[in-house]
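In this chain, numbering begins with 1 at the start of the sequence shown. Because only heavy atoms are used, hydrogens play no part in the values below, and waters and symmetry mates are left out as well, while side chains stay in.
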Amino acid sequence: MTDKTIQITIKDEAKELIKKHVKPGQVVILTLDDGSNKYSTLGGTCTIGADFQLIVTDQKDPEYPVVMENNAGLEMYTSNNELGFLTDGLLLNARNAVISLYDNSGVIDGAVAVREYTPHELTAEEVKNGKTC
């Protein structure tokens, strides 16, 4: 199966904010922040498809095979799960140091976080509370 490629435009202010977090050789993953994946910090049915984040990591994640061609020179990916919430005309813009994600339908998320991913072992408390990813 060939990985899909999609296009995203990154405006200058958003580009500057993102690049502050990205070191040479790192990749950026556009992922949902709704409890549906290992990168999520939020959760609950009220956030499904509404909250996105940019994860900066040291290596490509095979669960995120969709290449996001962009004008910022970033190695960027997403997954087929996220594509269900995105349409054509993807754009990252920023105003007052807050990144927003748009597509042809309008604003998808008005506050996209940029997070550096550091894997960690689950604590006993996280396991007890059902945190498994």
Side-chain angles (χ1 to χ4, degrees):
M1 179 176 168
T2 304
D3 294 336
K4 185 174 182 171
T5 299
I6 62 171
Q7 193 73 32
I8 186 165
T9 301
I10 304 174
K11 296 285 192 170
D12 288 341
E13 188 175 343
K15 193 182 313 183
E16 289 176 28
L17 291 171
I18 296 166
K19 285 192 170 189
K20 286 180 182 178
H21 297 274
V22 181
K23 297 178 191 89
Q26 289 186 310
V27 300
V28 179
I29 300 170
L30 176 65
T31 182
L32 288 162
D33 192 10
D34 62 2
S36 66
N37 62 70
K38 64 186 168 194
Y39 300 111
S40 294
T41 59
L42 303 175
T45 56
C46 61
T47 61
I48 292 173
D51 291 331
F52 282 83
Q53 61 185 341
L54 295 168
I55 298 296
V56 179
T57 186
D58 290 334
Q59 59 190 19
K60 184 177 172 183
D61 185 331
E63 294 177 27
Y64 292 82
V66 179
V67 175
M68 299 188 78
E69 291 183 352
N70 62 84
N71 61 313
L74 297 168
E75 185 177 351
M76 193 169 179
Y77 302 92
T78 194
S79 82
N80 289 310
N81 294 333
E82 279 71 13
L83 291 182
F85 300 96
L86 306 171
T87 64
D88 292 334
L90 289 175
L91 171 76
L92 286 170
N93 197 6
R95 177 178 255 169
N96 300 322
V98 177
I99 299 172
S100 298
L101 175 65
Y102 299 81
D103 65 12
N104 286 341
S105 67
V107 178
I108 298 171
D109 186 347
V112 177
V114 181
R115 294 190 175 90
E116 295 180 49
Y117 179 67
T118 46
H120 72 281
E121 293 292 321
L122 293 176
T123 65
E125 186 68 22
E126 289 173 322
V127 171
K128 178 182 168 192
N129 292 328
K131 176 95 174 154
T132 58
C133 56

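Here the side chains of Glu63 and Asn37 are not in contact, with every heavy-atom distance at 4.5 Å or above. Here the side chains of Ile8 and Thr78 are not in contact, with every heavy-atom distance at 4.5 Å or above. The shortest side-chain heavy-atom distance between Val28 and Val114 does not fall under the 4.5 Å cut-off. The closest side-chain heavy-atom distance from Phe52 to Glu82 is below 4.5 Å.
Using a distance-only test at 3.5 Å, with no hydrogens or angles considered, a donor-acceptor pair links the side chain of Asn70 to the main chain of Met68. For the pair Lys19 (side chain) and Ala72 (backbone), a donor-acceptor distance under 3.5 Å is present. In this structure a side-chain-to-backbone donor-acceptor pair under 3.5 Å is present from Ser100 to Gly110. Side chain of Asp33 to main chain of Gln53: no donor-acceptor pair is present (N/O by atom type, distance under 3.5 Å, no hydrogens or angles).
Atom CD1 of Ile18 sits about 4.5 Å away from atom CD1 of Ile10, to the nearest 0.5 Å. Taking CG of Leu54 as the reference point, atom CE of Met76 lies at 5.0 Å (rounded to 0.5 Å). In this structure, Glu75 CD and Gln59 CD are separated by 11.0 Å, a value rounded to the nearest 0.5 Å.
Judged purely by distance below 3.5 Å, without hydrogens or angles, the side chains of Asp61 and Tyr117 never pair a donor atom with an acceptor atom.
Gln7 meets the side chain to side chain contact (heavy atoms under 4.5 Å, CB included) test with Glu69; sequence neighbours excluded. Under the rule for a salt bridge (Lys or Arg N to Asp or Glu O under 4.0 Å), the partners of Glu116 that lie at least two apart in sequence or sit in another chain are Lys23. In this structure, the side chain to side chain contact (heavy atoms under 4.5 Å, CB included) partners of Val107, at least two apart in sequence or on a different chain, are Tyr102. In this structure Gln26 satisfies the side-chain hydrogen bond (donor to acceptor under 3.5 Å, both in side chains) test together with Asp58, sequence neighbours excluded. Checked against salt bridge (Lys or Arg N to Asp or Glu O under 4.0 Å), Lys15 has the following partners two or more places apart in sequence or in another chain: Asp12.
With Tyr64 as reference, Ile29 is the one residue of Ile55, Ile29, Asn81 to meet the side-chain contact (heavy atoms from CB on, under 4.5 Å) rule. Tested against Tyr77 for a side-chain contact (heavy atoms from CB on, under 4.5 Å), the candidates Val27, Ile6, Val66 yield a single pass: Val27.
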Using atom types as modelled, flag every donor-acceptor pair under 3.5 Å from a side chain in residues 87-99 to any protein atom, sequence neighbours excluded.
{"from": "Thr87", "atom 1": "OG1", "to": "Asp103", "atom 2": "OD2", "distance (Å)": "2.8"}

